[in-house]
Student: 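Okay, handing you the structure first.
One-based numbering, in listed order, for ligands and for the atoms of each.
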Amino acid sequence: MTNRPNLSRGRGYLAIPGPSVMPEAVLQAMHRAAPNIYEGEVVEMMPSIIHDLKRVARTEHYATIYIGNGHAAWEAALSNVVAPGDCVLVPVTGRFGHGFGDVATGLGADVQVLDFGKSSPMDLEVIAQALAEDKDHRIKAVLAVHVDTSSSVLNDIKGVRDVLDAAGHPALLMVDCIASLGCDRFEMDAWGVDVMITASQKGLMVPPGICFVFFNARAQAVREAMPRVSRYWDWTPRSKATEFWQYFNGTGPTHHIYGLRAALDMINDEGIEQVWARHTVLARAIWAACDAWGEGGDLRMNITDPAFRSTAVTALRLKGNDGTLLRDWTERELGVTLGIGLGMAEPDDPARNAFFRLGHMGHVNGQMIMGLLGSMQAGLSSLGIPHGRGALEAAAEVIAGH
Ligand SMILES: *Cc1c(COP(=O)(O)O)cnc(C)c1O
């Protein structure tokens with residue numbers, strides 16, 4: 001045992017739910033000298049980037065890019081349509097729903113939260129009731145999170161649109177797709193979404209640093225009726241840009257643009273329907289393994305009903321400190337980094353050590369997922385954490401039969 005080798009050298013897998021694994025093609029595209037921002041390649045790339053972003057979002061309307069992370073996308077979107085004193089309705093299914101609402105609070109909005117807890121999807125009937133009670137149509141927007149990355153719940157966004165329509169309520173439907181775009185099926189126009197936001201570092205496979213706001217004509221009409229919108233966040237000049245600087249209200253994120261071009265090429269080559277289908281099969285393999293482990297131990301998926309599980313991220317819990325022990329073990333011994341539990345317990349609460357998450361978004365394939373599951377199997381065994389048998393076989397069966 002004195003010479004027990006460490007098995008973590010080799011290519012790692014950062015299996016946290018963002019930032020996600022970056023493809024070589026993205027990294028190589030970014031590895032270059034500073035390009036001229038006044039003419040040439042990076043300038044000429046912009047129309048095709050906007051075109052392909054809209055294709056991934058499944059919208060014919062407007063796409064804008066901001067330098068910033070997901071929090072910036074929240075601020076950007078809300079700044080265009082929510083003025084101080086405006087009322088917004090926020091159905092919350094995890095930490096990020098609260099985050100979206102907090103940004104609205106920061107902008108002076110009157111925020112009405114419907115909290116569905118940490119392990120359940122939105123209840124559309126409760127949303128319908130809140131809309132029915134809003135007889136004067138004070139609610140200006142519903143802020144929904146498609147996949148809440150903390151709980152890994154997948155919400156029924158089309159269902160929220162149907163509820164708005166059934167109530168004859170004019171509120172905008174604004175959706176956070178930061179975790180889900182390029183992973184879980186999302187159809188902006190077909191589902192009647194007015195504003196959608198996302199960021200570069202999850203399903204889009206590009207480093208953190210740029211984010212995106214998509215909007216339609218209904219949202220633009222609301223924007224035009226705003227008393228004022230700060231210049232930097234205003235989406236109007238960005239969405240009509242003809243010169244390079246106008247897309248970004250200043251110097252563009254040159255290297256991110258090259259990386260994004262490469263990532264969009266990869267998504268186009270595979271086809272967005274295939275991208276979704278790949279995520280679905282890989283997620284089902286993970287769920288099958290988790291079900292098998294759970295048969296003989298404490299491992300549980302946070303979302304019980306598979307219809308409401310994201311295919312990009314899986315939130316899990318064990319018992320005691322076992323979540324943290326397993327994360328430490330797989331990273332130290334095998335080079336696979338699992339995600340921390342987020343929002344399930346307060347940071348100073350020891351209960352947080354039971355929770356962890358798996359990120360399986362973007363640039364992931366079958367061997368990475370089988371490696372991830374095999375590493376967890378080894379960790380559970382090595383640490384003596386009770387677990388059911390047959391998890392890897394169950395995952396392999398899903399992949400074999402897909
Ligand atoms: C990651 C994430 C965010 C926050 O993005 P940052 O880039 O960390 O600001 C917000 N919403 C969801 C659903 C996310 O997954």
Side-chain angles (χ1 to χ4, degrees), residues 14-22 56-57 65-79 88 90-107 113 115-116 118-119 121-122 142-157 160 173-186 188 193 195-214 233 253 256 259-260 263 279 283 302-303 308-315 337 339-344 347 355-362 364:
L14 183 68
I16 70 174
S20 64
V21 175
M22 288 183 275
V56 173
I65 310 177
Y66 292 78
I67 294 181
N69 56 19
H71 284 67
W74 281 335
E75 187 98 22
L78 291 169
S79 294
V88 296
V90 190
V92 170
T93 56
R95 172 81 158 259
F96 290 99
H98 287 296
F100 203 175
D102 275 352
V103 174
T105 301
L107 290 168
V113 170
D115 195 339
F116 298 106
K118 298 169 180 165
S119 304
M122 296 171 185
V142 177
L143 317 187
V145 178
H146 186 209
V147 166
D148 199 301
T149 324
S150 62
S151 61
S152 72
V153 72
L154 171 77
N155 284 301
D156 177 5
I157 297 301
V160 180
L173 176 55
M174 303 178 72
V175 182
D176 172 344
C177 289
I178 296 174
S180 57
L181 198 78
C183 307
D184 291 288
R185 173 180 289 276
F186 177 79
M188 178 162 171
V193 173
V195 179
M196 186 271 277
I197 61 162
T198 193
S200 54
Q201 76 271 23
K202 297 187 184 175
L204 293 178
M205 309 178 285
V206 174
I210 52 175
C211 62
F212 310 91
V213 179
F214 300 80
W233 294 123
H256 277 75
L260 179 62
H279 280 83
N302 185 45
I303 303 300
F308 295 103
R309 284 184 197 144
S310 167
T311 66
V313 50
T314 301
T337 306
I340 61 164
L342 193 67
M344 303 306 287
F355 299 99
F356 65 107
R357 292 174 301 159
L358 308 178
H360 34 100
M361 46 179 52
V364 286

Student: Do L342 and T149 have side-chain heavy atoms sitting under 4.5 Å apart?
Tutor: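 A side-chain contact under 4.5 Å is absent here.
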Student: Could you list the residues that satisfy side-chain hydrogen bond (donor to acceptor under 3.5 Å, both in side chains) with T314, not counting sequence neighbours?
Tutor: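 In terms of side-chain hydrogen bond (donor to acceptor under 3.5 Å, both in side chains), with neighbours along the sequence ignored, T314 is linked to H360.
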Student: In residues 94-106, what donor-acceptor pairs under 3.5 Å come from side-chain atoms, sequence neighbours left out?
Tutor:
unit_1	atom_1	unit_2	atom_2	d
H98	NE2	D115	OD2	3.4
T105	OG1	G101	O	3.2

Student: Measuring from atom CG of L173 to atom CE of M196, what distance do you get when rounded to the nearest 0.5 angstrom?
Tutor: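 Those atoms lie 11.5 Å apart.
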Student: With a 4.0 angstrom cut-off on heavy atoms, strictly below it, pick out the residues next to ligand 1 and order them by chain and number.
Tutor: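 Within 4.0 Å of ligand 1, protein side: N69, G70, H71, W74, F96, V145, V147, T149, D176, I178, A179, Q201, K202.
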Student: Tell me which pairs pass side chain to side chain donor-acceptor pair (under 3.5 Å) where either residue lies in residues 175-184, with sequence neighbours left out.
Tutor: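 Checked against side chain to side chain donor-acceptor pair (under 3.5 Å) - neighbours excluded - the pairs reaching residues 175-184 are W74-D176, H146-S180, D184-S310, D184-T311.
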Student: Output the distance between atom CZ (F116) and atom OG1 (T93), rounded to the nearest 0.5 Å.
Tutor: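 Result: 8.5 Å between the selected atoms.
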